[in-house]
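Convention: sequence-line order gives letters A, B, ...; per-chain numbering from 1. Side-chain atoms are counted along with the backbone in the values below, which use heavy atoms only and exclude waters and symmetry mates.
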2 protein chains.
Amino acid sequence: METPRQRARKQTMDDIVRLGREQLATVTPTELSLRGIARELGIVSSAIYRYVKDRDELLTLLIVDAYDELGATVEDAVAAASRRSPRARALVACQAVRAWALREPSRFALLFGTPVPGYAAPADRTVEPGTRVPAVLLALLEEAHRSGELEPPSGPLPRPVRRDMEEIRREYGLTVPSASLARGIGLWSALVGAVSFEVFDQYGPDTFADPGAFFDLHLESLITAVGF
Amino acid sequence: METPRQRARKQTMDDIVRLGREQLATVTPTELSLRGIARELGIVSSAIYRYVKDRDELLTLLIVDAYDELGATVEDAVAAASRRSPRARALVACQAVRAWALREPSRFALLFGTPVPGYAAPADRTVEPGTRVPAVLLALLEEAHRSGELEPPSGPLPRPVRRDMEEIRREYGLTVPSASLARGIGLWSALVGAVSFEVFDQYGPDTFADPGAFFDLHLESLITAVGF
DNA sequence: TAGAAAGCAAGAGCACTGCTCACATTTGTC
DNA sequence: GACAAATGTGAGCAGTGCTCTTGCTTTCTA
């Protein structure tokens with residue numbers, strides 16, 4: 001049961017998110033212009049507030065939108081490689097993150113770049129989509145462990161780290177050893193760091209003729225460190 | 001030979017940078033308000049343009065300021081540990097980066113977060129201060145190699161990566177092997193990633209009771225991967 | 001089916017921003 | 001002391017987020 005009004009509203013909301021996404025290509029998240037969206041929507045500037053409470057609300061919509069697309073992309077890539085080893089699929093997942101980020105630099109920046117000051121993402125709407133990619137990596141880690149393919153990193157685990165890891169293991173019902181979990185989390189942050197460097201041009205100018213090759217090498221090293 | 005006027009100008013410039021730095025604590029780089037600085041300076045809004053050409057110019061001043069402080073901090077920390085091994089000093093350098101970033105989150109974000117769209121840092125003013133920290137790490141790598149403490153990573157180096165690394169080695173006159181150099185660059189990006197995660201709160205909420213302990217562990221793993 | 005309620009759009013207005021320009025004042029130098 | 005450069009002033013333009021009042025249209029309900 002969908003009244004014309006509801007359909008029109010849904011359409012307008014979609015348009016708003018789409019136009020916001022387009023704005024992000026040329027503008028930083030803090031500079032998102034509600035007036036600009038209204039203008040392109042062919043609507044007077046104040047009317048936009050019928051759909052979006054304020055700029056923070058728009059930000060939330062775009063964040064969820066981006067997280068969902070990234071999550072789906074990575075999940076699809078991993079699913080398409082379902083017959084390969086956990087290690088190989090982890091590589092695929094990380095490469096999918098990089099590829100998406102290079103395709104959507106501003107949306108990657110929205111998710112992993114400088115947070116907008118004064119804006120706190122509402123946990124009830126962003127946490128779930130935001131954990132999809134880490135969840136994929138964790139699941140692979142867990143699978144590798146269960147099938148005996150995971151070799152636990154050597155070296156002792158400092159007590160405070162062990163405590164934190166055990167807390168996480170309990171919370172998510174993981175069986176993977178704490179040391180491996182810690183490396184896994186490290187992989188996640190290092191991955192985002194490496195992608196950020198490329199997307200934000202943090203390596204010097206023209207450092208790499210073939211950045212993809214460097215990324216893959218770096219990634220292998222990181223994944224090996226996890227024990228995959 | 002310094003006229004009072006020149007002295008006053010210098011003073012005003014310093015005040016502008018200081019006030020800009022203070023603004024950065026509550027506001028993203030794109031939101032820096034020249035008018036706000038003028039107001040706090042007790043000067044009419046248009047007068048600020050006698051000192052700073054436009055907002056981009058202010059950005060450049062703040063970027064150089066931040067890079068210089070970070071660079072000096074890391075160099076000092078390493079110098080204070082001059083009697084320790086290159087590996088130990090590399091650890092110290094990375095920890096100094098983290099400590100500075102946690103102390104100055106918004107300035108860290110200015111350097112390593114989302115770039116301001118439409119703003120291109122003038123290379124002639126930012127490259128030198130921006131490479132101070134990587135230069136420290138590279139020097140340590142070089143030193144470790146010369147003293148035979150560096151064990152080259154195993155595994156073959158893909159040809160495109162090797163070419164890129166050799167280009168860099170030539171450019172900077174490095175003797176460190178290409179494979180080690182590649183790991184070193186990887187360390188740099190992973191380091192920034194790990195620090196970003198903490199500064200930008202990218203780990204879940206309350207993931208770590210002791211983030212420092214986790215960071216140190218992660219760092220050891222990264223530095224070991226380099227071969228230090 | 002009539003009327004109330006809810007939804008949507010318009011336009012004016014406030015306080016803020018970056019930046020420019022014509023003008024006035026101060027300051028250092030010949 | 002005269003002149004020029006450096007500095008400060010105030011008005012103004014175009015843009016922003018956001019609020020409020022006013023009017024119209026669609027939907028729900030008695």
Measure from [atom1] on [X] to [atom2] on [N] and round the result to the nearest Å.
| X | N | atom1 | atom2 | answer |
| --- | --- | --- | --- | --- |
| Asp56(B) | dG18(C) | CG | C1' | 11 Å |
| Glu57(A) | dC18(D) | CD | P | 11 Å |
| Tyr49(A) | dG11(C) | OH | P | 17 Å |
| Arg7(A) | dG7(C) | CZ | C1' | 17 Å |
| Ile37(B) | dT17(C) | CD1 | P | 11 Å |
| Gln11(A) | dC8(C) | CD | P | 14 Å |
| Leu59(A) | dC18(D) | CG | C1' | 16 Å |
| Asp54(A) | dT19(D) | CG | C1' | 13 Å |

Are Arg163(B) and Asp210(A) within salt-bridge range, i.e. N to O under 4.0 Å? no
Could you tell me whether Arg18(B) and Glu40(B) make a salt bridge, using a distance below 4.0 angstrom between a side-chain N and a carboxylate O? no
Would you say a side-chain N or O of [X] is under 4.0 Å from OP1 or OP2 of [N]?
| X | N | value |
| --- | --- | --- |
| Tyr51(A) | dA9(C) | yes |
| Arg5(B) | dT26(C) | no |
| Ser33(A) | dG17(D) | yes |

Would you please say whether a donor-acceptor pair under 3.5 Å links the side chains of Gln202(A) and Trp188(B)? no
From the options dA10(C), dT17(C), dG17(D), select the nucleotide whose nearest atom is closest to the side chain of Leu34(A). dG17(D)
Between the base of dA6(D) and the side chain of Arg50(B), is there a donor-acceptor distance below 3.5 Å? no
Side chain proximity check, Leu24(B) to Pro29(B), heavy atoms < 4.5 angstrom: yes
Does CG in Asp206(A) sit with more than 12 non-hydrogen atoms of other residues, nucleotides or ligands closer than 6.0 Å? no
Mind checking Ile48(A) for me? I need base, sugar-phosphate or nothing, with any heavy atom below 4.0 Å counting as a touch. nothing
Over all strands shown, is Leu41(A) touching base, sugar-phosphate only, or nothing at heavy-atom distances under 4.0 angstrom? nothing
Assuming nearest nucleotide by heavy-atom distance, tell me which of Ile43(A) and Arg35(A) is located more 5' along DNA chain C. Ile43(A)
